[in-house]
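Computed from a predicted model, the values in this text were never measured in an experiment.
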Amino acid sequence: MLKRNGEICEAAVPDYPGRLTAMEKRAYSAGIAAIEDQLRDLEEAGRALTEVERQIPDWKNGVEHNGNGTMLDLSSKAEEQWHVVKTLVKTNRSELLFCARGAGDDKEFAVFEKFDPTSAYAQAQGNPELILTSNKATLLLQDYVESERRMLNLVKQDLAATVEELLSERFPGENNTRVVKAVSARCGRCISGNGEAQLHPKLDRSVKIRL
């Protein structure tokens with residue numbers, strides 16, 4: 001049986017193919033506990049993104065020619081009003097809205113995020129918030145998924161770095177390399193998609209992940 005520093009490697013943790021020693025498992029549990037809330041938010045963001053990705057094939061059937069839906073209140077009279085075509089995802093924090101305006105060759109599409117109006121973020125940043133725009137519906141969604149997944153990967157890296165710093169302080173002198181890899185693997189499951197992300201032309205966008 002495999003041993004490391006005299007300890008048997010027999011502890012299994014989610015999404016990590018290796019085995020940890022009892023000491024490493026203790027460090028892993030401490031690291032996960034420290035980022036529990038952020039990990040939960042990352043999981044929700046990952047599920048929401050997967051749901052948007054799942055819907056992309058449905059938008060290839062002529063959505064550019066569909067009529068507009070209900071008007072989206074942007075509290076702005078300076079520009080042509082967007083209309084909500086469909087709610088893509090609804091979470092505890094916000095709704096992701098697919099919107100359109102104009103007609104024919106001048107038709108535009110956008111993704112807005114609408115927050116709980118009583119939330120601190122909505123009151124500070126405005127509500128709803130424009131995420132990105134395009135004149136092609138499917139390209140808009142593909143670009144959104146690609147951009148958000150990259151941002152989630154940055155969040156994953158930040159959480160792994162946070163755990164690494166925490167463990168170096170709490171368990172000085174111990175090698176926590178495998179522990180950090182195990183934490184990163186658990187975070188990575190949240191942002192994994194179906195295959196590699198495809199690259200698309202850059203669009204007018206301002207992508208933000210709020211965890």
Side-chain angles (χ1 to χ4, degrees), residues 40-156 189-211:
R40 187 180 303 112
D41 289 340
L42 187 64
E43 289 173 341
E44 183 179 34
R47 285 194 299 269
L49 187 58
T50 298
E51 174 59 22
V52 173
E53 191 172 33
R54 184 192 64 80
Q55 296 180 52
I56 291 178
D58 298 335
W59 291 85
K60 294 181 179 180
N61 299 320
V63 68
E64 285 87 352
H65 306 295
N66 291 346
N68 293 335
T70 58
M71 186 174 292
L72 180 64
D73 182 11
L74 296 176
S75 300
S76 173
K77 309 302 180 183
E79 60 178 317
E80 184 181 354
Q81 187 65 52
W82 292 95
H83 293 77
V84 178
V85 176
K86 183 180 181 181
T87 298
L88 295 172
V89 177
K90 186 173 184 179
T91 69
N92 293 330
R93 293 170 176 262
S94 64
E95 292 179 89
L96 197 65
L97 306 175
F98 186 91
C99 301
R101 68 180 181 184
D105 293 339
D106 295 327
K107 194 160 190 176
E108 294 180 275
F109 302 93
V111 172
F112 283 87
E113 192 163 9
K114 184 177 181 181
F115 305 93
D116 179 348
T118 63
S119 69
Y121 186 90
Q123 294 176 10
Q125 303 295 329
N127 196 25
E129 181 178 359
L130 176 64
I131 305 299
L132 70 165
T133 63
S134 175
N135 61 352
K136 294 293 184 181
T138 53
L139 184 60
L140 176 75
L141 294 180
Q142 288 167 345
D143 195 69
Y144 173 78
V145 167
E146 177 190 330
S147 301
E148 292 288 275
R149 206 172 292 288
R150 286 175 176 171
M151 292 300 295
L152 289 179
N153 190 61
L154 292 177
V155 173
K156 181 194 78 169
R189 175 180 55 82
C190 302
I191 62 174
S192 62
N194 296 324
E196 297 296 326
Q198 298 296 314
L199 298 179
H200 300 283
K202 302 299 181 183
L203 302 179
D204 175 18
R205 66 191 180 199
S206 178
V207 180
K208 298 181 178 67
I209 297 292
R210 289 156 289 274
L211 294 181

If every non-hydrogen atom of [X] is compared with every non-hydrogen atom of [Y], which pair is closest and at what distance?
| X | Y | result |
| --- | --- | --- |
| A137 | F98 | CB-CZ, 3.6 Å |
| L152 | A45 | CD2-CB, 3.8 Å |
| L49 | R149 | CD2-N, 3.6 Å |
| A100 | K107 | CB-CE, 3.8 Å |

Checklist entry - At what distance, to the nearest 0.5 angstrom, does CG of L97 lie from CH2 of W82? => result 12.0 Å
Next on the checklist: Quick check for you: to the nearest 0.5 Å, what is the distance between K114 atom NZ and E129 atom CD?
Outcome noted: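 That separation rounds to 14.5 Å.
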Item to check | Side-chain touch T50/R47, heavy atoms, less than 4.5 angstrom | outcome: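 SC-SC contact between T50 and R47 ruled out.
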Item to check | Pairwise side-chain contact, F115 with S94, heavy-atom cut-off 4.5 Å (strictly under) | outcome: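 Side-chain contact under 4.5 Å: yes.
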Checklist entry - Taking only residues two or more places apart in sequence or in another chain, which ones pass side chain to side chain donor-acceptor pair (under 3.5 Å) with K90? => result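 Scan of K90 (side chain to side chain donor-acceptor pair (under 3.5 Å), adjacent residues dropped) gives none.
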Checklist entry - What residues form a side chain to side chain donor-acceptor pair (under 3.5 Å) with R189, not counting sequence neighbours? => result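 Scan of R189 (side chain to side chain donor-acceptor pair (under 3.5 Å), adjacent residues dropped) gives D15, E43.
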Checklist entry - Judged by atom type as modelled, is there a donor-acceptor pair below 3.5 Å linking the side chain of Q55 to the main-chain atoms of L88? => result yes
Checklist entry - Can you name the one residue among D143, V52, L96 that meets side chain to side chain contact (heavy atoms under 4.5 Å, CB included) with V111? => result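 Of D143, V52, L96, side chain to side chain contact (heavy atoms under 4.5 Å, CB included) with V111 is met by L96 alone.
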Checklist entry - Among side-chain atoms of T133 and E108, is any donor-acceptor pair under 3.5 angstrom? => result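 T133 vs E108: no donor-acceptor pair found between side chains.
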